[in-house]
> 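This is the structure I have questions about; it appears just below.
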Amino acid sequence: MKVNSMAFSGLFGGGSSNSSEQTGTYVNEDGKQVIDGYEVADVEDMEWLASIL
């Protein structure tokens, strides 16, 4: 599952300027790993997702 943004506005196409096409793997300013422009979900992200389902 790819999740571009955990921000509520990102769900409705109001993404940030960080959503530009990027390739490769790096760590963003929040300390999260990014692969091909997508933030990799960590344990906290998956717990948040489980709580809203």
> Checking Leu53 now: which residues fulfil side chain to side chain contact (heavy atoms under 4.5 Å, CB included) with it, not counting sequence neighbours?
Leu49
> Please evaluate residues Tyr26 and Asn28 with respect to the criterion side chain to side chain contact (heavy atoms under 4.5 Å, CB included), reporting the C-alpha separation (whole Å), side-chain torsions for both, the decisive distance (0.1 Å), and the verdict.
CA-CA 6 Å; Tyr26 63 94; Asn28 68 9; 4.3 Å; yes
> Report the distance from atom CG of Asp30 to atom CD of Glu39, rounding to the nearest 0.5 Å.
6.5 Å
> Asp42: which residues meet the side chain to side chain contact (heavy atoms under 4.5 Å, CB included) condition with it, sequence neighbours left out?
Lys32, Glu44, Asp45
> Applying side chain to side chain contact (heavy atoms under 4.5 Å, CB included) to Ile35 and Val40, what does each step give before you reach the verdict?
CA-CA 7 Å; Ile35 299 175; Val40 177; 3.8 Å; yes
